[in-house]
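Atoms within each ligand, like the ligands themselves, are counted from 1 in listed order. Because only heavy atoms are used, hydrogens play no part in the values below, and waters and symmetry mates are left out as well, while side chains stay in. Quick note: residue numbers are just sequence positions, from 1.
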Amino acid sequence: MTAATIPGLDQAPTTHERLLSWVREVAELTTPDQVVWCDGSQEEWQRLTDQLVEAGTFTRLEKKPNSFWAVSDPSDVARVEGSTYICSEKPEDAGVTNNWMHPVDMKMIMRELYRGAMRGRTMYVVPFCMGPVDAEPPKLGVEITDSEYVVVSMHIMTRMGSKVLERFGADAEFVPALHSVGVPLEPGQQDVAWPCNDTKYITHFPEERMIWSFGSGYGGNALLGKKCYSLRIASVMARDEGWLAEHMLILKLTSPEDKVHYVAAAFPSSCGKTNLAMLQPTIPGWKVETLGDDIAWMRFGEDGRLYAVNPEAGFFGVAPGTDYHTNPTAMRTIEQGNTLFTNVALTDDNDVWWEGMGTPPAHLTDWKQRDWTPDSEEPAAHPNSRYCTPMSQCPILAPEWDDPKGVPISAILFGGRRKTTVPLVNEAFDWQHGVFMGATMSSETTAAATGQVGVVRRDPMAMLPFIGYNVGDYLQHWLHIGETADTSKLPRIYYVNWFRRDESGKKIVWPGFSENCRVLKWIINRIEGNATAEDTAIGRVPSADQIDLSGLDTPREDVETALNVDVEEWKAEIPLIEEWFAKISNSLPMPLGDELNALKHRLG
Ligand code: SAT
Ligand code: MN
């Protein structure tokens, strides 16, 4: 079939030349049965979800309106960092923390993979916008995909469809993002419920601001507006244009005196960003509202402060561990319906269940579609199983969440998952020291990426898998932001760790979850000049009596353990930081080496 005869190709609701020629070029290469231009309508959602039910990909849930259960191929459950590439012209522009291949070589490989890859399928053209549609300029993208699952997920996670296409006009810039599950169908061949290919590539062409993804249907690999655009490509845009694209939640905190502060916080995947973003304070008079749970774009406003916008429109949250105790807000968001669940367990009455929801029912269908009982050895839900739900349903959504101006950030938190060494909270001496904290932060790995879980790795600003260029240049960019700004207006930087354990290594000493509001309160009081801290070798750390512990039943010794700065533990950390810096030595900015020397000196 020639491109001219592919049904739908010529029904483009746009005159945008570059978009039209790109869509035609992809259709010629991938040879789908038809092309559909997505409008983002309710009718489109209805049609595609019906089709997914029909295909066996979705099971309609009985207890939550307009909601669906899906299970993936057992091999396609997480981001594939080993197959994720930054294809800059020069390898040094990707740096040692990224896989690199020359764009020409990568395109040669991928063109062969894409050739005929959409045969027997529909090619969807999804115009989307990351961040508010009325931003000037809007951050536009178009995802071409052959996956209905991806289209309906994009309905939730992004602003998309006709209202976005209007903003393309005749020549607006956009990021082309091509996705195929990589499973062409022969005539008459029955599709599987979750098509995917053993060969996977998640590739980025930063100079061209372009994304090509092949072989996976999983969120972070396939919903290309998310990590691929809003972090890897946007971090390159941000470097060039003087802003920051970060792996951060955004929350609004109102004190009993009605003072408002906005906080952005970076944690690696599956370390509690969503829980913190939706926290329900346990101390009277404090209020938290949510603006985002995963990504923050931060730019300087006219007043010299850093303003954050969340580019997304939905939450793609880790299900296990989420329940009415740990995150009632997330539960109240998803119970309203309009939610996709992937790789959780299904109850006999067609509701969802996952570990952490309390006593399991006597029988479930697990994420591998096997019968499951409480005696089963494996968890019923995959540890990286997800809910995908509209932000607009969040009962504590801050009204300004869609404001193109963004919200002024008072504090930036960096956090990891560490059993030892890192205290509950630690304030940076200044911006440069804060960048050092971010640059050296570390975390035990989680199920959000394939590979071993629980291994300590350095994860600068929780961006290790998401920096679209050389990590050293990225850290330099952070330092540069501090050099160009009015320092009195910059957010203060804090390093937090909710996961520290006692000496036995068994018990997590800080209760975490909602009780983290006590740490936020101390941070806000610091910013307001109403709390003290002690200067330690690693930063400014409160003693237990500087944290509001009223009504908390955690033993005081545990809080002290959580806050303890153990010089010997930190001395043992130094070689690990040195090893990390040695790895990036060619591009490590000098001031960070100076910070390391200063830390060594302070430790004695
Ligand atoms: O799949 S995602 O990359 O979107 C989730 C995550 O790992 O943070
Ligand atoms: Mn994330």
Side-chain angles (χ1 to χ4, degrees), residues 70 72-73 75-84 128 130 143 147 149-150 153-154 156-158 177 179 194 196 200 202-204 211 213 215-235 245-251 264-278 290-297 310-322 330 340-344 382-389 391 413-417 441 443-451 453 457 459-468:
S72 75
D73 184 283
S75 68
D76 197 24
V77 294
R79 282 182 291 101
V80 282
E81 294 181 5
S83 312
T84 300
F128 65 92
M130 299 315 293
E143 177 156 353
S147 161
Y149 172 87
V150 166
S153 300
M154 291 293 281
I156 296 174
M157 294 305 297
T158 67
H179 171 254
W194 186 278
C196 63
K200 293 178 174 56
I202 318 300
T203 68
H204 308 74
I211 302 155
S213 164
S216 171
Y218 169 76
N221 303 326
L223 311 180
L224 304 183
K226 197 173 178 48
K227 308 294 174 152
C228 299
Y229 183 150
S230 295
L231 290 176
R232 298 197 190 94
I233 295 294
S235 63
E246 298 299 327
H247 193 202
M248 291 180 182
L249 66 92
I250 311 167
L251 66 81
F267 297 81
S269 301
S270 211
C271 290
K273 279 197 299 301
T274 309
N275 290 338
L276 185 62
M278 298 181 179
T290 306
L291 289 108
D293 78 329
D294 198 38
I295 301 178
W297 286 351
N310 171 13
E312 301 193 274
F315 302 121
F316 186 65
V318 177
T322 309
L340 311 178
F341 297 89
T342 306
N343 288 340
V344 304
H382 187 277
N384 193 40
S385 53
R386 301 271 171 166
Y387 55 82
C388 176
T389 196
M391 266 180 69
L413 275 51
F414 293 124
R417 187 185 276 273
M441 71 184 254
S443 193
E444 291 139 20
T445 50
T446 68
T450 52
V453 168
R457 72 171 183 186
D459 191 345
M461 282 77 175
M463 281 285 282
L464 181 69
F466 308 122
I467 302 169

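With the Mn ion (ligand 2) as the vertex, NZ (Lys227) and NE2 (His247) define an angle of 90°, rounded to 10°.
Residue-ligand proximity, Arg386 to ligand 1, at heavy-atom distances under 4.0 Å covers atoms 5 (C), 6 (C), 7 (O). Counting atoms of ligand 1 from 1 in the listed order, those under 4.0 Å from a heavy atom of Ala448 are 7 (O). Near Gly220, the atoms of ligand 1 lying under 4.0 angstrom from a non-hydrogen atom of the residue are 1 (O), 2 (S), 3 (O), 4 (O).
Within the 4.5 Å cutoff, the side chain of Ile250 has no heavy atoms near those of the Met248 side chain.
Looking at atom 4 (O) of ligand 1, its nearest protein heavy atom turns out to be Lys226 CE, 2.9 Å. Among protein heavy atoms, atom 6 (C) of ligand 1 sits closest to Ser269 OG, 3.2 Å.
Here the side chain of Asp459 pairs a donor or acceptor atom with the backbone of Leu464 at under 3.5 angstrom.
Cation-pi check for Lys227 over Phe466 is met; the charged atom lies under 6.0 angstrom from the ring centroid and within 45 degrees of its normal.
There is a side-chain donor-acceptor pair under 3.5 Å between Thr274 and Asp293. Judged purely by distance below 3.5 Å, without hydrogens or angles, the side chains of Arg79 and Ser269 pair a donor atom with an acceptor atom. Checking Thr322 against Tyr387 by side-chain atom types alone, no donor-acceptor pair falls below 3.5 Å.
Considering backbone and side-chain N/O atoms, Tyr218 comes within less than 3.5 Å of an N/O atom of ligand 1. Some N or O of Lys227 is nearer than 3.5 Å to an N or O of ligand 1, by distance alone. Between Phe316 and ligand 1, no pair of N/O atoms sits closer than 3.5 Å.
When the N, O or S atoms of Asp294 are ranked by distance to the Mn ion (ligand 2), OD1 comes first.
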(request) Assess whether side-chain contact (heavy atoms from CB on, under 4.5 Å) is satisfied between Thr450 and Glu81, documenting all intermediate values. (result) CA-CA 7 Å; Thr450 52; Glu81 294 181 5; over 6 Å; no
